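Heads up: the structure comes next, in structure tokens.
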Protein chains: 2
Amino acid sequence: MQNFVELLKAHGLKSTFQRVQILEAISICGHKDIDEIYNDVVKLHPTISLATVYKNLIIMKDNGVLCEVSVSGKKSKYEIKKEDHLHLICTHCGSIEDFTLEASFDKIVNLQDFELQKKEINLYGICTKCHSQKAS
Amino acid sequence: MQNFVELLKAHGLKSTFQRVQILEAISICGHKDIDEIYNDVVKLHPTISLATVYKNLIIMKDNGVLCEVSVSGKKSKYEIKKEDHLHLICTHCGSIEDFTLEASFDKIVNLQDFELQKKEINLYGICTKCHSQKAS
DNA sequence: TTCGTACCAAATAAAAATTATCTAAAGGAA
DNA sequence: TTCCTTTAGATAATTTTTATTTGGTACGAA
Ligand SMILES: [Mn+2]
Ligand SMILES: [Mn+2]
Ligand SMILES: [Zn+2]
Ligand SMILES: [Zn+2]
């Protein structure tokens with residue numbers, strides 16, 4: 001449980017009841033998709049609109065409060081932004097566990113308690129071509 | 001350019017003109033989303049339905065012919081299945097480049113020609129909890 | 001305090017994306 | 001070729017996401 005009011009202000013966003021509730025909902029289990037978030041928040045705030053959750057997820061993502069975790073074949077999960085890390089995603093129950101990125105890749109692929117099926121590594125950035133275009 | 005007829009049969013799928021065209025379209029540039037695929041195929045086959053492309057992407061993915069590459073904030077890309085590898089995704093032009101996974105992670109993060117912004121690593125598999133449930 | 005402005009939530013409405021249904025046609029084995 | 005199964009295409013239905021409109025609220029300037 002963090003101080004989400006301050007977190008929002010620190011990123012230049014107004015602190016509203018709805019935004020704080022969305023952040024609370026996410027922080028409970030770390031990673032949630034839009035439906036899980038909405039279902040949580042609507043219990044405390046029955047009149048909230050799903051569109052409001054959509055809008056706020058986008059704006060909080062754009063302002064660096066949240067991160068979107070794309071999951072193959074499913075809806076994206078959202079998490080409070082923190083240092084880069086990796087996700088162990090269970091293809092059976094859908095659980096998502098954070099894992100530190102300190103270890104070398106060799107260590108990562110030799111996970112003891114996790115039956116690894118698929119590795120999905122995406123590095124986002126600016127490619128060479130776009131880089132040279134910027135310069136010109 | 002591969003023999004997609006055989007590829008499909010090898011995975012227990014019937015070879016149809018539509019499926020082969022979808023695979024051809026994907027193989028041209030490696031990674032394409034549903035709209036790019038449809039736009040390509042419809043040129044050669046004006047009567048193809050978008051629903052057919054949807055259905056075939058799913059069935060070919062489920063049968064191991066294709067892989068889905070989730071891209072944060074965009075539609076998923078599809079590629080012909082091959083060994084696990086990593087993706088350099090340009091946040092500016094959207095280009096996706098394959099990168100071998102041989103190198104250690106330290107090497108990966110020190111890319112020379114790519115301005116790295118975000119690392120997204122998802123490992124899919126069966127979690128400990130699900131594993132023990134299977135045993136019982 | 002009283003405006004004026006900016007921002008936001010909620011309620012729709014609208015649009016876009018995905019999936020389901022149904023019938024005719026095509027693929028493939030014998 | 002014949003027969004059975006699978007698939008494509010057309011279309012409808014559903015689901016997901018975004019846009020619009022309206023009214024409210026916070027906040028600073030006057
Ligand atoms: Mn995480
Ligand atoms: Mn690839
Ligand atoms: Zn599990
Ligand atoms: Zn680029």
Side-chain angles (χ1 to χ4, degrees), chain A residues 4-25 32-66 68-78 94, chain B residues 3-26 32-66 68-78 94:
Chain A
F4 296 125
V5 175
E6 290 306 318
L7 181 65
L8 287 163
K9 287 181 182 170
H11 288 85
L13 290 175
K14 286 196 175 180
S15 165
T16 69
F17 177 81
Q18 291 82 349
R19 285 176 186 167
V20 172
Q21 289 310 311
I22 289 170
L23 293 173
E24 294 275 8
K32 281 195 177 151
D33 66 28
I34 174 110
D35 299 318
E36 294 167 329
I37 295 165
Y38 175 74
N39 288 334
D40 276 10
V41 176
V42 81
K43 288 174 191 163
L44 298 163
H45 196 293
T47 64
I48 196 173
S49 161
L50 184 56
T52 298
V53 182
Y54 269 106
K55 261 185 306 186
N56 281 315
L57 288 179
I58 291 169
I59 200 172
M60 288 194 284
K61 177 191 166 190
D62 288 347
N63 286 74
V65 177
L66 292 180
E68 180 184 354
V69 182
S70 340
V71 180
S72 184
K74 300 196 173 181
K75 285 197 182 182
S76 286
K77 303 277 182 173
Y78 291 86
Chain B
N3 186 343
F4 295 126
V5 175
E6 290 306 318
L7 181 65
L8 287 163
K9 288 181 182 171
H11 287 84
L13 290 175
K14 286 195 175 182
S15 164
T16 69
F17 178 81
Q18 291 83 350
R19 285 177 185 166
V20 172
Q21 289 310 312
I22 289 170
L23 293 173
E24 294 275 8
I26 293 173
K32 280 194 176 151
D33 66 28
I34 175 110
D35 299 318
E36 294 167 329
I37 294 165
Y38 176 75
N39 288 334
D40 276 11
V41 176
V42 82
K43 288 174 191 162
L44 299 163
H45 198 292
T47 64
I48 196 173
S49 161
L50 184 57
T52 297
V53 182
Y54 269 107
K55 265 186 301 187
N56 279 315
L57 288 178
I58 290 169
I59 201 172
M60 290 194 282
K61 177 192 168 190
D62 288 347
N63 286 75
V65 177
L66 293 179
E68 180 184 353
V69 181
S70 337
V71 181
S72 184
K74 298 195 175 182
K75 286 195 180 183
S76 285
K77 302 277 183 174
Y78 291 85

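The chains referred to below are lettered A, B, ... by the order of the sequence lines, with proteins before strands, and numbering in each begins at 1. Being a predicted model, the structure only gives us computed values, none of them experimental.
- Just one of B:Ile37, B:Ile34, B:Val71 meets the side-chain contact (heavy atoms from CB on, under 4.5 Å) condition when paired with B:Lys77; it is B:Val71.
- What separates NZ of A:Lys14 from P of C:dC7 is a distance of 7 Å, to the nearest Å.
- Contact annotation: A:His45 side-chain N/O to C:dA10 OP1/OP2 distance is under 4.0 Å.
- Between B:Arg19 and C:dG27 there is no side-chain N or O to OP1 or OP2 distance below 4.0 Å.
- Going from atom CG of A:Leu57 over to atom P of C:dA9 covers 12 Å, rounded to whole Å.
- Residue A:Asp35 is out of contact with every strand shown, counting any heavy-atom pair closer than 4.0 Å.
- Between B:Ala51 and A:Ala51, the one whose closest nucleotide on DNA chain D sits nearer the 5' end is B:Ala51.
- In this structure, the side chains of B:Lys61 and A:Ser72 come closer than 4.5 Å at one or more pairs of heavy atoms.
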### Task
Could you give me the CA-CA distance, side-chain angles and deciding distance for A:Lys75 and A:Asp35, then say whether salt bridge (charged side-chain N to carboxylate O under 4.0 Å, His left out) is met?
CA-CA 9 Å; A:Lys75 285 197 182 182; A:Asp35 299 318; 2.9 Å; yes
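- Using a 4.0 Å heavy-atom distance criterion, B:Thr16 is classed as a sugar-phosphate-only contact.
- Residues B:Lys75 and B:Leu13 each lie close to DNA chain C; by heavy-atom proximity, the contact nearer the 5' end of the strand is made by B:Lys75.
- Here the CD1-CZ distance, from A:Ile59 to A:Arg19, works out to 5.0 Å after rounding to the nearest 0.5 Å.
- Mapping B:Tyr54 and B:Lys9 onto DNA chain C via the closest heavy atom, the residue that lands nearer the 5' end is B:Tyr54.
- In this structure, B:Asn56 places its CG atom 13 Å from P of C:dT19, rounding to the nearest Å.
- Residue-to-nucleotide proximity on DNA chain D shows that, of A:Ile58 and B:Lys55, the 5′-proximal contact is made by B:Lys55.
- Atom CD1 in A:Ile59 sits roughly 9 Å away from atom C1' in C:dC8 (whole-Å rounding).
- Distance CZ (B:Phe17) to P (C:dA25): 18 Å, rounded to an integer number of Å.
- Taking atom OH of residue A:Tyr78 and atom P of nucleotide D:dT17, one finds them 8 Å apart after rounding to whole Å.
- Defined by atom type and a distance below 3.5 Å, a donor-acceptor pair is missing between the side-chain atoms of A:Thr52 and A:Gln18.
- Look at CD on B:Gln18: it is 14 Å from C1' on D:dA10, rounded to the nearest Å.
- Look at CD1 on A:Ile34: it is 13 Å from C1' on D:dT15, rounded to the nearest Å.
- Using a 4.0 Å heavy-atom distance criterion, B:Thr47 is classed as a sugar-phosphate-only contact.
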